[in-house]
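We count residues from 1, following the sequence as given. Keep in mind the model is a prediction, meaning the values are calculated, not measured.
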Amino acid sequence: MTELTVSASPDGTAAVSGPMVRAEQVHKSFGSIEVLKGIDMKVRAGEVCCLLGPSGSGKSTFLRCINHLEKINAGRIWVDGDLIGYRERGGKLHEMREKDVAAQRRAIGMVFQRFNLFPHMTVLQNVVEAPVLLRRVKKAEARDRAAQLLERVGLGDKLGAYPGQLSGGQQQRVAIARALAMRPKLMLFDEPTSALDPELVGEVLDVMKDLARDGMTMIVVTHEIGFAREVGDHLVFMDGGVVVEQGDPREVIANPRHDRTRAFLAKVL
């Protein structure tokens, strides 16, 4: 995947790049338990990559390794050409200082299963906080952008509300707006609908579909097979810490090649 790719960023500008995310032989262990056993993956700029697999397969751990929330034990991960979490000198990796890792994370938005909103802040304040503190954006500018993003996710009438006054789906949409406020080049979603009541899932998926249409590069850990089929450009099925099968979502879902993929899809479809 060395070809140049032209994609539109969320603010309407065009970008030219190779793979947005490249992982090579990524290993991760917790004590004696090896969770990732040599993950290789490429995600092109503007692509939606969906990670499927049973619980414990390593999907969420891999996602957290991409922004160095989890430190890998071996391998390398690049985002937009930058080696994440480490500097390489003389063929050896040296871990970066935390402030340098934090600077890398500012370009990588992440939405978790739980919303992690500040309960004592209004919806607007939750979205404004990070750009002002971390990117030194002027408060008035940050407020204007936050209001635009909240309007975009269908919450333009909730600026003064507090998280406790919102439904789970509304809180997750605030979390998405908050991540977008940092103007990320990549969005990571870790089962963003798994904590929601079924009737609220659609409103969050609709926002994610809108982001995909705008060309946002996204890696989504999900069990929403319909979303993967409709929106995904690439599907990766993981099990036991390895990539079992990958390809076009519609092809993999309709005609899985591996027995383990077939068994998993038979249970969730």
Side-chain angles (χ1 to χ4, degrees), residues 1 19-28 30 34-70 72 75-79 84 108-114 172 175-176 179 184-196 201 204-205 207-209 211-212 216-254 256-258 260-269:
M1 229 174 260
M20 177 61 73
V21 179
R22 180 159 59 102
E24 291 185 355
Q25 284 300 294
V26 173
H27 290 255
K28 173 64 182 177
F30 295 100
E34 191 177 16
V35 178
L36 300 178
K37 304 174 182 177
I39 301 295
D40 292 313
M41 196 179 300
K42 290 182 181 178
V43 180
R44 295 174 297 179
E47 188 173 65
V48 177
C49 177
C50 295
L51 304 185
L52 266 63
S55 297
S57 59
K59 309 181 301 298
S60 294
T61 297
F62 176 66
L63 206 69
R64 291 170 65 87
C65 288
I66 293 174
N67 62 4
H68 207 61
L69 286 175
E70 296 289 354
I72 62 178
R76 290 164 173 78
I77 299 174
W78 292 265
V79 173
I84 296 297
I108 305 172
M110 187 158 185
V111 178
F112 299 88
Q113 296 178 34
R114 295 292 175 179
Q172 192 63 294
I176 294 172
K185 62 181 71 173
L186 168 68
M187 285 285 287
L188 308 176
F189 292 86
D190 187 6
E191 298 192 42
T193 61
S194 65
L196 302 179
V201 168
V204 174
L205 294 181
V207 171
M208 295 170 65
K209 291 174 186 177
L211 290 178
M216 172 62 76
T217 310
M218 300 160 58
I219 303 179
V220 185
V221 173
T222 184
H223 291 296
E224 300 292 338
I225 304 299
F227 175 85
R229 183 192 290 116
E230 178 185 351
V231 182
D233 299 297
H234 192 69
L235 185 148
V236 176
F237 176 72
M238 293 177 60
D239 190 27
V242 300
V243 173
V244 175
E245 184 169 349
Q246 59 182 311
D248 179 272
R250 287 148 290 280
E251 178 62 25
V252 173
I253 292 169
R257 299 187 304 272
H258 197 282
R260 185 67 189 92
T261 314
R262 283 194 290 270
F264 175 81
L265 290 173
K267 292 180 179 179
V268 298
L269 286 175

Where [X] and [Y] come nearest, the two heavy atoms and their spacing:
X    : Y    : value
P54  : D239 : CG-OD1, 3.2 Å
V79  : K185 : CG1-CD, 4.3 Å
M216 : P184 : CE-O, 3.6 Å
K59  : G53  : NZ-O, 3.0 Å
A23  : I77  : CB-CG1, 4.2 Å
C49  : V43  : CB-CG2, 3.9 Å

Task: Criterion side chain to side chain contact (heavy atoms under 4.5 Å, CB included) on L63 and M110, from CA distance to verdict - done: CA-CA 9 Å; L63 206 69; M110 187 158 185; 4.0 Å; yes
Nearest-0.5 Å distance, [atom1] of residue [X] to [atom2] of residue [Y]:
X    : Y    : atom1 : atom2 : result
L188 : N67  : CG    : CG    : 5.5 Å
L205 : F189 : CG    : CZ    : 10.0 Å
T61  : L69  : OG1   : CG    : 11.0 Å
H27  : I72  : NE2   : CD1   : 9.5 Å
F30  : L36  : CZ    : CG    : 7.5 Å

Open item on the list: Determine whether M238 and I39 satisfy the following criterion, side chain to side chain contact (heavy atoms under 4.5 Å, CB included), listing intermediate values before the conclusion.
Closed with: CA-CA 9 Å; M238 293 177 60; I39 301 295; 3.8 Å; yes
TODO: Only one of R44, Q246, E47, K42 passes side chain to side chain donor-acceptor pair (under 3.5 Å) with H234; say which it is.
DONE: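 With H234 as partner, side chain to side chain donor-acceptor pair (under 3.5 Å) holds for just one option, Q246.
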TODO: For I84 and I66, run side chain to side chain contact (heavy atoms under 4.5 Å, CB included): C-alpha distance rounded to whole Å, both residues' side-chain angles, the deciding distance at 0.1 Å, then the answer.
DONE: CA-CA 7 Å; I84 296 297; I66 293 174; 5.8 Å; no
TODO: Go through I176 and L211 one step at a time and tell me if the side chain to side chain contact (heavy atoms under 4.5 Å, CB included) criterion holds.
DONE: CA-CA 10 Å; I176 294 172; L211 290 178; 4.1 Å; yes
Can a donor-acceptor pair be found, under 3.5 Å and without considering hydrogens, that links the side chain of [X] to the backbone of [Y]?
X    : Y    : result
R250 : G232 : yes
K28  : C65  : no
D233 : V48  : yes
E24  : G38  : no

Open item on the list: Could you tell me if the side chain of V236 sits less than 4.5 Å from the side chain of M41, heavy atoms only?
Closed with: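 In contact.
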Open item on the list: Using side-chain heavy atoms (C-beta onward) and a distance below 4.5 Å, is F237 in contact with H258?
Closed with: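 Sidechains of H258 and F237: no contact.
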What side-chain donor-acceptor pairs closer than 3.5 Å can you find for residues 262-269, not counting sequence neighbours?
unit_1, atom_1, unit_2, atom_2, d
R262, NH1, P256, O, 2.9
R262, NH1, R257, O, 3.1
R262, NH2, D259, OD1, 2.1

Sequence neighbours left out, cut at 3.5 Å: what donor-acceptor pairs do the side chains of residues 218-230 make with other protein atoms?
unit_1, atom_1, unit_2, atom_2, d
T222, OG1, E224, N, 2.8
E224, OE2, T193, OG1, 3.3
E230, OE1, K209, NZ, 3.2

- [ ] Kindly write out the residues that satisfy side chain to side chain contact (heavy atoms under 4.5 Å, CB included) with V252, not counting sequence neighbours, or none if the list is empty.
- [x]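 Side chain to side chain contact (heavy atoms under 4.5 Å, CB included) check on V252 returns L235, E245, T261.
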